[in-house]
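Notes to accompany the following structure.
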There are 2 protein chains.
Amino acid sequence: MDGDADIASVAAVIGNPARGRMLTAMAGGRALPASELARVAQVSPSTASAHLARLTLSGLVAVERHGRYRYHRLADERVAQVIEGLSALAPSRRVRSLREANQSTAERAARSCYDHLAGAVAVALADRLCESGALDRDDLSLRDASPFAALGVDVGALAGARRPLTRSCLDWSERRPHLAGGLGAALLQALLASSWVVRRPQGRAVAVTPRGRAGLRDALGLDVVAAALH
Amino acid sequence: MDGDADIASVAAVIGNPARGRMLTAMAGGRALPASELARVAQVSPSTASAHLARLTLSGLVAVERHGRYRYHRLADERVAQVIEGLSALAPSRRVRSLREANQSTAERAARSCYDHLAGAVAVALADRLCESGALDRDDLSLRDASPFAALGVDVGALAGARRPLTRSCLDWSERRPHLAGGLGAALLQALLASSWVVRRPQGRAVAVTPRGRAGLRDALGLDVVAAALH
DNA sequence: GCAACGCTTCGCCTCCCGGCGAAGCGTTCC
DNA sequence: GGAACGCTTCGCCGGGAGGCGAAGCGTTGC
């Protein structure tokens, strides 16, 4: 028989500045090579290697080999949830450079959160979907699938999945909920597939394209620019 | 302008064996004096004092003075969520004594999770409420309030609250969801008020009284003993 | 085949974190 | 008033975690 869970052993793995930066980078949902993670963590390759070994051994991070590269990503959604929860508790760091300030602004506006969309745009999107009656205002459960069909999401295909259809995810920058779960993931997939949203080259930030701006205005009556400004 | 959140600084606070045990103890929702926390953390009073100072300074724990005692509890629900998330990721500890084994069995069966019910009983209860159509099977959102009224919960009084009415909380021992949020909290309150459920003297475990067993059978057709066995 | 490249292993060093006991401070109780 | 009690502060100590560079291993590309 086993006893209570030992939360400190997991938290200690996360609780190192370099590993924390690595996990934050991976929280965008992309798989990243060790060299890139060493860069964001601001440590030497050898140090990064030791950290990544510890992250994989503890089961927080999964690795895929592609030739001489090793791509690292969060092991599963539960890890992403913990990272997100910690972000909500953590004090925000002071930025040191203009580059960081731009990055930070972009991430506040729109970013990927593991496999779904987060940031001001995601919160505004969830709000608009509540107003239009597609989602429940209390817990973001699905009320009407048709607006999602208009965005290119096949809601029917998600019905049989083991994963919960909708989940409310607290946005750490906005302090308000946005849409996660199977539907949240499918929505981001659809937005990326139609190029309404594109991933920025590095970091978690994403950008809404002009076409996406027009599409979201036509489909939902949502003004993304206004949403990003507040 | 501030930058990305520093998750490592928070995780490092949680990521110490003694502090982890303290937080796990407080995750039951009770406020505990420093001496009791020193006992569960298995450290001297002076060491415990240092840990508690760090926990309060980092904002994870709130303190109330009552005479010469200082009662500590988790600062808010977000902290409880992170603790619960980490529990789900953490490997479970090996037990060392019969006492620990009993405690562990009891907690798996039924325990308080911050302000709501968790464990096998909570999962079975959520299942039963889904079957009877009171809760949505996908995300545990409210479908029919009448079964809750039968349990002594005034759902109407919760309607205006800022807090989400229902939230699905992943049970770390059962790996399946149970009911949290305002309704989950109100349900535990009602069960405690009617003495259908009582807190055990120490730890997070709670017990369903004979009266509660009969009440849950009559009100919902739920067999608590069978639920606890599997 | 050899150079370039990504990553890991190894050895070494430093520093800080977490532990304790003794003593001090504030509260309670007789 | 004084003893008992809960908690904090202080000083001290030991161990382990985290950092680096050099060297080694496997893959890629010319």
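Here is how names work: the chains are called A, B, and so on, in the same order as the sequence lines, proteins then strands, and each is numbered from 1. The model shown is predicted, which means the values in this text are computed figures rather than measured ones.
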Just the rounded figure in Å: distance from C1' of C/dC7 to CG of A/Leu55.
16 Å
Does a side-chain N-to-carboxylate-O contact under 4.0 Å join A/Glu36 and A/Arg30?
no
What heavy-atom pair brings A/Leu74 and A/Tyr114 nearest, and what distance separates the two atoms?
CB-CE1, 4.1 Å
Atom-pair distance (CG on B/Leu57; C1' on C/dC17), nearest Å:
16 Å
If I take atom CZ in residue A/Arg54 and atom C1' in nucleotide C/dC7, what distance separates them, rounded to the nearest angstrom?
20 Å
Spacing of A/Arg39 atom CZ relative to C/dG6 atom P, expressed in whole Å
13 Å
Phosphate OP1/OP2 of D/dG19: any A/Thr47 side-chain N/O under 4.0 Å
no
Check whether any side-chain nitrogen or oxygen of A/Asn16 sits under 4.0 Å from OP1 or OP2 of D/dG18, and answer yes or no.
yes
Measuring from the side chain of A/Ser49 (C-beta onward, heavy atoms only), which nucleotide among C/dT8, D/dT9, D/dC20 has the closest atom?
C/dT8
Output the rounded distance in Å from NE2 (A/His51) to P (C/dT9).
15 Å
Between C/dT8, C/dG19, D/dG19, which nucleotide has the shortest distance from any of its atoms to the side chain of B/Val43?
C/dG19
Rounded to the nearest 0.5 Å, what separates atom CD1 in A/Ile7 from atom CD in B/Glu84?
9.5 Å
List the atom of B/Ala205, the atom of B/Ala106, and the distance in Å for their closest heavy-atom pair.
CB-CB, 3.8 Å
At under 4.0 Å, does any side-chain N or O of B/Arg70 touch on OP1 or OP2 of C/dT27?
no
In this structure, how many angstroms lie between the P atom of C/dG18 and the CG atom of B/Leu52, rounded?
13 Å
So, A/Arg199 versus A/Ser112: side-chain donor-acceptor pair below 3.5 Å or not?
yes
Report yes if at least one side-chain N or O of B/Arg65 is closer than 4.0 Å to OP1 or OP2 of D/dG6; otherwise report no.
no
Of B/Ala53 and A/Ala18, the one whose closest nucleotide on DNA chain D sits nearer the 5' end is B/Ala53
Of all the choices, D/dC7, C/dG18, C/dG6, which nucleotide is nearest to the side chain of B/Arg19 once you look at every atom?
C/dG18
Return yes if the base of D/dC7 and the side-chain atoms of B/Arg68 contain a donor-acceptor N/O pair under 3.5 Å, otherwise no.
no
On DNA chain D, check which nucleotide each of A/His66 and A/Gly15 is closest to and give me the residue with the more 5' one.
A/Gly15
For D/dT8 and B/Ser46 - does any side-chain N or O of the residue sit under 4.0 Å from the phosphate oxygens OP1/OP2?
no
Could you give the OH-to-P distance, from A/Tyr71 to C/dC7, as a whole number of Å?
8 Å
How many whole angstroms separate atom OH of A/Tyr69 from atom C1' of D/dT27?
10 Å
